[in-house]
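FYI, side chains are in, hydrogens and waters are out, and symmetry mates aren't considered; it's all heavy atoms of this structure. Values in this document were obtained by computation on a predicted structure and should not be read as measured data.
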Amino acid sequence: MARAGLTAGRVTVAGADLADEVGLDQVTMSEVARRLGVKDASLYTHVRNVEDLRGRIALLAADEKTVRIAEATAGRAGKDALVAYANAWREFAHEHPGRYMATQVPIKIDPELAAKATGPRRAVELTYSMLRAYGLAEPDLTDAVRVLRSTFHGFVALEAAGGFAHARTPQQTWARMLDALHVLLEHWPDGEPA
């Protein structure tokens, strides 16, 4: 019998909190059970295994990150939207490193859960909407999404690893990087590369 009050959602949040503290790859069913004050076997009523739990964490994180970005970019366009989007991305990565990582690495997600999840779809819609304000259409939209994701993720990953040991602050570089991305998006090259 399942413990009263224990749900898949509660198990997922406990796993996500643990991921933020110790890293996504260190999340185990045993540690989540310990934090919830239950035996390991109690969790299996709500999640199949640690892979299922990590997939649920990824979906939760995608939703939380997307809500943050949507709130930050609401009513903004062009450079204002780009800066708000990027800052919300970076803040989420700083505040929730385990959840953030779950949105960046390949994780096998239950297709039924993925089909019901709104976070990943909404993230794509928000990103494409922001980039359309720069006048981009396919295939340039996809390329621009990849440029932004690579740039933002690369920066926050290096920052988290202490990779910016220089007198110039990471914030100063972040601001200049956003200026440069804005210029790139405004002057996106025409045609396919040679």
**Q.** Gap separating the OH atom of Y44 from the CG atom of N49, nearest 0.5 angstrom
**A.** 7.0 Å
Q.
Would you compute the distance between atom CD of E138 and atom CG of L141 and round it to the nearest 0.5 angstrom?
A. 5.0 Å
Q: Determine, for R48 against D110, whether the closest basic-nitrogen to carboxylate-oxygen distance falls under 4.0 angstrom.
A: yes
Q: To the nearest 0.5 angstrom, please state how far the CG atom of N87 sits from the CZ atom of F92.
A: 15.0 Å
Q) Are W174 and V183 joined in one hydrophobic group, where the rule is that I, L, V, M, F, W and Y side chains link up if heavy atoms are under 4.5 Å apart? A) no
Q | Residue R146 excluded, over 12 heavy atoms near CZ under 6.0 Å | A | no
Q) What closest approach, in Å, do V47 and M29 show between heavy atoms, and which atom pair accounts for it? A) CG2-CE, 3.3 Å
Q: Check whether any side-chain heavy atom of L148 lies under 4.5 Å from a side-chain heavy atom of L131, and answer yes or no.
A: yes
Q | R34 and E31 ion-paired at < 4.0 Å | A | yes
Q. Which pair of non-hydrogen atoms, one from L136 and one from A144, has the smallest distance, and what is that distance?
A. CD1-CB, 3.7 Å
Q.
Tell me if the CZ atom of R121 is crowded by more than 12 foreign heavy atoms within 6.0 Å.
A. yes
Q. Rounded to the nearest 0.5 Å, how far does NZ of K65 lie from CG of L60?
A. 13.0 Å
**Q.** Linked, directly or transitively: V13 and V11 (ILVMFWY side chains, under 4.5 Å)
**A.** no
Q: For S30 and D40, work out which heavy atoms get closest and say how close.
A: OG-OD2, 2.6 Å
Q: Answer yes or no: is there a side-chain heavy-atom contact under 4.5 Å between L181 and L178?
A: yes
**Q.** Minimum heavy-atom distance G98-D20, with the two atoms named
**A.** N-OD1, 3.0 Å
Q: Kindly give the heavy-atom pair with the smallest separation between G15 and V27, and that separation in Å.
A: O-CG2, 3.8 Å
Q: Please tell me if the side chains of I107 and L24 come closer than 4.5 Å, counting only heavy atoms from C-beta onward.
A: yes
Q.
If you apply the rule side-chain contact (heavy atoms from CB on, under 4.5 Å), what do you find for R149 with Q104, and how did you get there?
A. CA-CA 9 Å; R149 182 176 180 204; Q104 299 303 308; 3.2 Å; yes
Q | Side chains of F164 and Q171 in contact at under 4.5 Å (non-hydrogen atoms) | A | no
Q | Any side-chain heavy-atom pair of L36 and L43 under 4.5 Å | A | yes
Q: To the nearest 0.5 angstrom, please state how far the OG1 atom of T12 sits from the CG atom of L113.
A: 8.5 Å
Q | Heavy-atom side-chain proximity of Q172 to H166 below 4.5 angstrom | A | no
Q: Before accepting this row, confirm whether a basic side-chain N of the pair R68/E64 lies closer than 4.0 Å to the acidic partner's carboxylate O.
A: no
Q. Can you name the closest pair of heavy atoms from A117 and L59 and give their distance?
A. CB-CD2, 3.7 Å
Q: Go through the steps for Y100 and H94 under the test side chain to side chain donor-acceptor pair (under 3.5 Å), then give the verdict.
A: CA-CA 8 Å; Y100 171 76; H94 285 178; over 6 Å; no
Q | Same apolar cluster: V67 and W89, side chain cutoff 4.5 Å | A | no
Q. Between F152 and V124, is there a shared hydrophobic cluster once you connect ILVMFWY residues whose side-chain heavy atoms come closer than 4.5 Å?
A. yes
(Q) When you measure from the side chain of T66 to the backbone of G119, do you find a donor-acceptor pair of N or O atoms at a distance under 3.5 Å? (A) yes
(Q) Quick one about S129 and E125 (side-chain donor to acceptor, distance below 3.5 Å, no hydrogens or angles considered), yes or no? (A) no
Q. Name the one of E186, H187, H182 that satisfies side-chain hydrogen bond (donor to acceptor under 3.5 Å, both in side chains) with Y134?
A. H182
Q) Just how far is it from atom NE2 of H46 to atom CG of D52, taken to the nearest 0.5 Å? A) 12.0 Å
Please set out all donor-acceptor pairs under 3.5 angstrom arising from side-chain atoms of residues 69-81, sequence neighbours excluded.
from, atom 1, to, atom 2, distance (Å)
T73, OG1, I69, O, 2.9
R76, NE, A72, O, 2.9
K79, NZ, D179, OD1, 2.5

**Q.** Within 6.0 angstrom of E112 CD, more than 12 heavy atoms from elsewhere
**A.** no
